[in-house]
Chemist: 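The structure's right below; bear with me while I get my questions together.
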Amino acid sequence: MTIVLLLITTYSSIAEKEVIAQSAKEQETLIVYKLQKDTTLQQLTKKDVLATFKDKTDTKIFINAMNTSEKISGIVNTASPNYELTFHKDETEESYYLWINSNDSTSNAMYINKKDPHTAYKLSVNSTNSIKKLLMKTKN
């Protein structure tokens with residue numbers, strides 16, 4: 001009987017830790033920085049926090065947009081990015097630069113990973129517009 005009780009107690013403790021660990025893994029924060037205009041990527045030092053997203057629905061908009069993006073072939077020559085997106089999850093951090101034209105509802109946004117500045121990706125028009133709507137909500 002003691003062995004059974006010990007096994008049940010051990011199992012419930014392990015199961016509880018797994019639930020907490022899974023919950024922590026699902027906690028993702030996205031910080032969006034507004035960047036200075038007319039600077040190169042190497043000069044980007046000043047950035048202002050525009051918004052912090054902790055809601056899974058909001059962060060999922062960005063993640064889905066990036067997961068469905070298309071790689072842009074060739075060399076990309078761009079102006080300075082509009083935003084820097086920094087995802088925080090499980091004590092890790094991943095940052096991207098985002099170019100988006102907020103005045104054109106038919107344009108594609110583009111992003112690059114800060115760790116790989118030579119590879120660019122374009123977002124679909126629908127994904128671009130979803131991100132624009134989310135960013136517009138933060139300005140109000």
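Residues: numbered from 1 along the sequence shown. Note that the coordinates shown come from a computational prediction; the quantities given were computed from them, not determined experimentally.
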Chemist: How far does OG1 of T92 sit from CD of E28, to the nearest 0.5 angstrom?
Modeler: 8.0 Å

Chemist: Distance check, rounded to the nearest 0.5 Å: S95 atom OG versus H88 atom NE2?
Modeler: 6.5 Å

Chemist: Would a 4.5 Å heavy-atom cut-off, applied to side chains only, mark I112 and H118 as touching?
Modeler: no

Chemist: Hey, quick one: are V125 and M66 part of the same hydrophobic cluster, counting side-chain heavy atoms closer than 4.5 Å, chains of contacts allowed?
Modeler: no

Chemist: Under the rule for salt bridge (charged side-chain N to carboxylate O under 4.0 Å, His left out), what residues qualify as partners of E70, not counting sequence neighbours?
Modeler: none

Chemist: Does some side-chain heavy atom of S107 sit less than 4.5 Å from a side-chain heavy atom of K122?
Modeler: no

Chemist: Set out, in order, the CA-CA distance, both residues' side-chain angles and the distance that settles salt bridge (charged side-chain N to carboxylate O under 4.0 Å, His left out) for K114 and E84, then state yes or no.
Modeler: CA-CA 9 Å; K114 280 180 74 172; E84 181 178 323; 3.4 Å; yes

Chemist: With side chain to side chain donor-acceptor pair (under 3.5 Å) as the criterion, how do S124 and N126 come out once you've worked through the C-alpha distance, each side chain's angles and the decisive distance to 0.1 Å?
Modeler: CA-CA 5 Å; S124 70; N126 287 340; 5.4 Å; no

Chemist: Treating N129 as the side-chain partner and S105 as the backbone partner, does any N or O pair qualify as donor plus acceptor under 3.5 Å?
Modeler: yes

Chemist: Does the pair E94 and K115 meet the rule for a salt bridge (charged side-chain N to carboxylate O under 4.0 Å, His left out), with working shown?
Modeler: CA-CA 8 Å; E94 193 74 27; K115 293 179 183 175; 3.4 Å; yes

Chemist: What's the shortest heavy-atom distance between S102 and K132, and which atoms?
Modeler: CA-CD, 3.7 Å

Chemist: Minimum heavy-atom separation for W99 and A79, please, with both atom names.
Modeler: NE1-O, 2.6 Å

Chemist: With side-chain contact (heavy atoms from CB on, under 4.5 Å) as the test, would you mind laying out the steps for F53 and L134 before giving the verdict?
Modeler: CA-CA 10 Å; F53 297 101; L134 196 54; 3.7 Å; yes

Chemist: Check the pair L98, N82 against side-chain contact (heavy atoms from CB on, under 4.5 Å), reporting the backbone distance first and the verdict last.
Modeler: CA-CA 6 Å; L98 176 69; N82 308 94; over 6 Å; no

Chemist: Can you name the residues that form a side-chain contact (heavy atoms from CB on, under 4.5 Å) with A65, not counting sequence neighbours?
Modeler: L123, S127, I131

Chemist: Enter the distance from I100:CD1 to L135:CG here, rounded to the nearest 0.5 Å.
Modeler: 6.0 Å

Chemist: Donor-acceptor pair, T119 side chain versus D116 backbone, under 3.5 Å?
Modeler: no

Chemist: In terms of hydrophobic clustering (I, L, V, M, F, W, Y; side-chain heavy atoms under 4.5 Å; direct or indirect links), are I72 and Y97 co-clustered?
Modeler: yes

Chemist: Can you tell me how far the CG atom of D55 sits from the CG atom of L30, to the nearest 0.5 Å?
Modeler: 11.5 Å

Chemist: What's the verdict on side-chain contact (heavy atoms from CB on, under 4.5 Å) for F62 and F87, showing C-alpha distance, side-chain angles and the deciding distance?
Modeler: CA-CA 10 Å; F62 288 92; F87 291 92; 3.9 Å; yes

Chemist: Check whether any side-chain heavy atom of V32 sits under 4.5 Å from a side-chain heavy atom of V49, and report yes or no.
Modeler: no

Chemist: Passes ring pair (Phe, Tyr, Trp, His ring centres under 6.0 Å), Y111 versus Y83? Steps please.
Modeler: CA-CA 9 Å; Y111 75 92; Y83 302 98; over 10 Å; no

